2 protein chains.
Amino acid sequence: MNGLMMDYQLTIPSILKRVNQVYPNKRVISKLANEQIHEYTYRDMYKRIIRLMNALKKLGIKPEDRVATFAWNSYRHLELYFAIPSLKAILHTLNIRLFPEQMEFIINHAEDQIIFIDKSLVDVITPLQGKIGKVRNFIVMDDGGKEPSGKLANAIDYEELLSSSLEEECFLQIDENTASALCYTSGTTGEPKGVLYSHRSTYLHSFALCLAGSLAICERDNVLPVVPMFHVNAWAIPYASPMSGANLVFPGPNMLGKSLAELMESYRVTLAAGVPTIWNLLYHHLKNNKHDLASLRAMVIGGSAVPKSLIDNFYKDFGLNIIHAWGMTETSPLGTASILTKEMESLTYNEQLNFKAKQGPPVAGIEIRAIDDDGKEVSWDGKSIGELEVRGPWVAKEYYKNPELKEQFASDGWFKTGDVVCIDENGFMEITDRKKDLIKTRGEWISSVDMENYVMGLKGVLEACAIGRQDNVKDEAPVLYVILSKDAAETIKAKDIYTHLSNKFAHWQLPKLSDIHFVDSIPKTSVGKFDKKELRKRLK
Amino acid sequence: MNGLMMDYQLTIPSILKRVNQVYPNKRVISKLANEQIHEYTYRDMYKRIIRLMNALKKLGIKPEDRVATFAWNSYRHLELYFAIPSLKAILHTLNIRLFPEQMEFIINHAEDQIIFIDKSLVDVITPLQGKIGKVRNFIVMDDGGKEPSGKLANAIDYEELLSSSLEEECFLQIDENTASALCYTSGTTGEPKGVLYSHRSTYLHSFALCLAGSLAICERDNVLPVVPMFHVNAWAIPYASPMSGANLVFPGPNMLGKSLAELMESYRVTLAAGVPTIWNLLYHHLKNNKHDLASLRAMVIGGSAVPKSLIDNFYKDFGLNIIHAWGMTETSPLGTASILTKEMESLTYNEQLNFKAKQGPPVAGIEIRAIDDDGKEVSWDGKSIGELEVRGPWVAKEYYKNPELKEQFASDGWFKTGDVVCIDENGFMEITDRKKDLIKTRGEWISSVDMENYVMGLKGVLEACAIGRQDNVKDEAPVLYVILSKDAAETIKAKDIYTHLSNKFAHWQLPKLSDIHFVDSIPKTSVGKFDKKELRKRLK
């Protein structure tokens, strides 16, 4: 029909132009590898991004080319977040925590042409030289880190590149369905899989972070993304903050509690985002050191399930509010965020805590459903469990250059997350387990996570990991690996674990005494999760 | 490129499904024409919408068909807001305040097939019967209003229609660029022009209302849209509230101060939206009557410029916060909203008031610029003025069935608003005048609005209206029409007006004494603005 609305495209450069025009004096603060602080305005940033775009063009970067970054959270990484997609090239953020062979695979699979790398990280990349054929140049960003011991061929200094570059704007017309960024999942099974974000998905996802009912990022905020910019776009905070006019505070490589607390205090951080481990470190720092964190309205936690005790302790000890969020590489990532409803205000503290420990309702734009083994949608009753499936404008349709990898994509257009969840009457989702880690006993499912958490609640238990073992009678029987503290090693026996578990689990769900193993260590993946695949292999 | 994100379509039924799934127990409260309260949940609403969709299908409504509404703000109008676009038909909201001949033109131009009409409004439509050829049916919604004196042919009762309808869901696949709603501008010049909204524009605009930096509608809100659902989609509040899980409170036909204050108090309204006249009535009611409005976090005002004194008085007398917003039918409408920045917190009350009286910065998604007479963009310096142009995903590209009407659409894709504005260093926009109402004197512009407001600041002046008169020496010379209060009629002379004006305006800008006319009335348009076109005609 004629007369419809403008074909206005939702693109990353429109965010960039907005921040330069509406919020030019708002600030970006970056802590560098040498602990110094760098500070500039969005207007400064804008000018440097224009230079960077011209430099990239001069280096031969064209639409659809992949340009990689290997860097901490800082202003230069932010410049790359805007400059690369604004040329219709693809920002490929390399996860610095991956194993060398994964890194090699990913760089080659993506066919990266240039890698922008922080000086403090050069030594991680030098051993890969010669194995990553398509990479033409390394652009080294001097973040004040130690001089690298190795040397990169074809290295160019970032600041020299910029200073010799043009100042003229060189924006392109961009269709919103153009690819903007690429990130590989850190999956524990199979080879890493690439997720290709678009301008549209990034723009809408950034919008979603600014919704009052979600993370509510706005002009009044000073946002500290501790979540790394080298993975899942740092939850799109580097886009959502400029879009809304919030100041950005980047932590650089130092993510210890002391450094974060000091940044939060000095720059009146209002919102911070990170994974549970980081906030755990911060918690212990705050226990022993005084900081004025009154400006902090919320800490967003995602990446893995947050222990209820951490939410509880932060609130009880420091009055700090945690927002538990859920997402995946394939979902940009924001899928759900546990924001209490108005009605929940009248609940007791413990009841509220139970809701805060869930992953919460879907943010506007995202649809969720839970599917049982028969492929039927389970009801939102707070009891039924099923595999979480999601869909929305910032959810992946397939994997990059891997369209044959279909098993995670339902035929009716939903993405199967592999997470097993329970959704309650309030729309609050709670993750029970990863689907492949559930233990099936006599036709019923036991959550390995539930069992682990319960065992870890026993004083003297440091770590506990549960997997299933094939069993002729029971389908699967639970097997427990337990690490005890030194003090407890003499006193806690398998029988004590068994007795403890029987307070919560039914008789037929319990592991045999001979299936409770005391060990010195449990194998872990590159991102610090229990490596259950390895454990299952050993069991066989 | 392969591997991109899902082609998830941004549509109105996805908002509907979301509210039914995530917020089924949140509520819609409606005050009816008989002053009674109707209340139900979004779950109830959803079921009735399904029935309504089936009923519309049975009545022969197909994609692209126009279905009109002629109704106050209430739950039934809300049902129509969702049901009609969910069938890919077009919701055409008729403005009940238009003159009969405009109404006739609009209904025929849109080729409406069915009109849904509140019982209390039937008598407005009956005289048009026979002149609106394509209308097949009238569906009468019994809002408790008086029995109409006239009779509509082919009238069906809304509740009978629903109760005889099916309960099965009948959703369609909808491309987001499908038309969803139609609204005609109440322009004072020429024939009314239709603006055709799409699912995409409506969805994104609703998102924008929920941004923390904008109106921040969220699950904690009880929203009272006093802005009529019969014009510009009631600023999309009927979509944004369900999307975010907010409760809705509808005022029905009674928009007097008492009724609104009682609703606000009883239903703990947190956010209300309306035009200045409405809030003026409320203000005077509150002056003489006690109400607990502590729950009210903000009143949004748009539609025309808000006198600074109203913002000031609401805050000083009742601690109530006004958000001044700007938009047009062609912009869905939300374009700008005057939310003070963090930095402005440290300003004095009066400095803050000056910013609150502006129309504010563009909301995320909307771009603005001001263009001078030479077609050049003026800088954001708080001094330069130019015609406001906007673009964004919820701005019109052209008029419905009137593609030859091009003068408001710049060749480079911006919409020319006809408003003359000044934008300051903070990105805060202030409307100076309508472009056609500016008075050009000796090559410089005088704002007619400025002159009027300044004259109205003189005690004893009730109304003042300024227009330009052709003048051989000055290009145009200002002419003033002034209405005095009874008491002042004897004491205020043209010379007093002149002297008063000379405190603010330069000598060459002042009207001649013979151009200051004291009158008993000033002609007004259907929406209550000064009819300057008529005045200019009389002058000639």
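None of these values were measured; they are calculated from a predicted model. Convention: sequence-line order gives letters A, B, ...; per-chain numbering from 1.
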So which of G392(B), S198(B), P361(B) has the biggest tally of heavy-atom pairs under 4.5 Å with chain A? G392(B)
Applying a strict 4.5 Å limit to non-hydrogen atoms, the region of S244(A) in contact with chain B is neither
Examine whether an atom of R391(A) lies under 4.5 Å from a heavy atom of chain B, and if so say whether it belongs to the side chain, the backbone or both; otherwise answer neither. both
Test applied, side-chain contact (heavy atoms from CB on, under 4.5 Å); reference residue, Q9(B); option that passes from H199(B), E176(B), Q173(B): E176(B)
Quick check for you: among P362(B), A208(B), S14(B), G245(B), which has the greatest number of heavy-atom pairs under 4.5 Å with chain A? P362(B)
Which of A396(A), C218(A), S201(A), G213(A) touches chain B most, by non-hydrogen pairs under 4.5 Å: A396(A)
So what's closer than 4.5 Å to chain A heavy atoms on E345(B): side chain, backbone, both or neither? side chain
Please classify the contact between I339(A) and chain B as side chain, backbone, both or neither, with a heavy-atom cut-off of under 4.5 Å. neither
Please identify, among M243(A), E425(A), K401(A), the residue contributing the most non-hydrogen atom pairs under 4.5 Å to chain B. K401(A)
Would you give the length of the straight line joining atom OG of S384(A) to atom CD1 of I423(A), rounded to the nearest 0.5 angstrom? 9.5 Å
Output the option from L182(B), V363(B), N402(B) having the highest count of non-hydrogen pairs under 4.5 Å with chain A. V363(B)
Is it the case that the side chain of R369(B) and the backbone of E389(B) share a donor-acceptor pair, with hydrogens and angles ignored and the cut-off at 3.5 Å? no
Per-residue contact mode, F207(B) against chain A (heavy atom under 4.5 angstrom): both
How long is the span from the NE2 atom in H205(A) to the SG atom in C210(A), to the nearest 0.5 Å? 10.5 Å
Could you check whether K26(A) pairs with E219(A) (Lys NZ or Arg NE/NH1/NH2 to Asp/Glu carboxylate O, under 4.0 Å)? yes
With a 4.5 Å cut-off on heavy-atom pairs, point out which of L211(B), L209(B), N25(B) contacts chain A the most. L211(B)
Can you say whether I368(A) sits under 4.5 Å from chain B via the side chain, the backbone, both, or neither, judging by heavy atoms? backbone
Looking at V22(B), L248(B), N20(B), which hits side-chain contact (heavy atoms from CB on, under 4.5 Å) with Y42(B)? L248(B)
With a 4.5 angstrom heavy-atom cut-off, could you sort out which part of L204(B) is near chain A: side chain, backbone, both or neither? both
Is chain B contacted by the side chain of D221(A), its backbone, both, or neither, given a heavy-atom distance below 4.5 Å? neither
With chain B as the partner, which of Q21(A), K17(A), E367(A) has the greatest number of non-hydrogen pairs under 4.5 Å? Q21(A)
CG/L10(A) to CZ/R200(A) distance, rounded to the nearest 0.5 angstrom? 6.5 Å
Minimum side-chain heavy-atom gap T341(B)-Y23(A) below 4.5 Å: no
Quick one: what part of V19(A) sits under 4.5 Å from any heavy atom of chain B, side chain, backbone, both or neither? neither
Check each atom of P393(A) against the heavy atoms of chain B and say whether the ones under 4.5 Å are side chain, backbone, both or neither. both
Is L340(B) in contact with chain A via its backbone, its side chain, both, or neither, using a 4.5 Å heavy-atom distance? backbone
When M6(B), K397(B), K342(B) are compared by non-hydrogen pairs under 4.5 Å with chain A, the top option: M6(B)
In terms of heavy-atom proximity below 4.5 Å to chain B, should I366(A) be classed as side chain, backbone, both, or neither? backbone
Less than 4.5 Å to any heavy atom of chain B: does that hold for the side chain of I217(A), its backbone, both, or neither? backbone
Aromatic rings F409(B) and F415(B): how do their planes relate, parallel, tilted or perpendicular, breaks at 30° and 60°? tilted
Got a second to check how far K358(A)'s NZ is from N426(A)'s CG, nearest 0.5 Å? 7.5 Å
Could you check whether the rings of Y400(B) and Y184(B) sit parallel, tilted or perpendicular, using 30° and 60° as the cut-offs? perpendicular
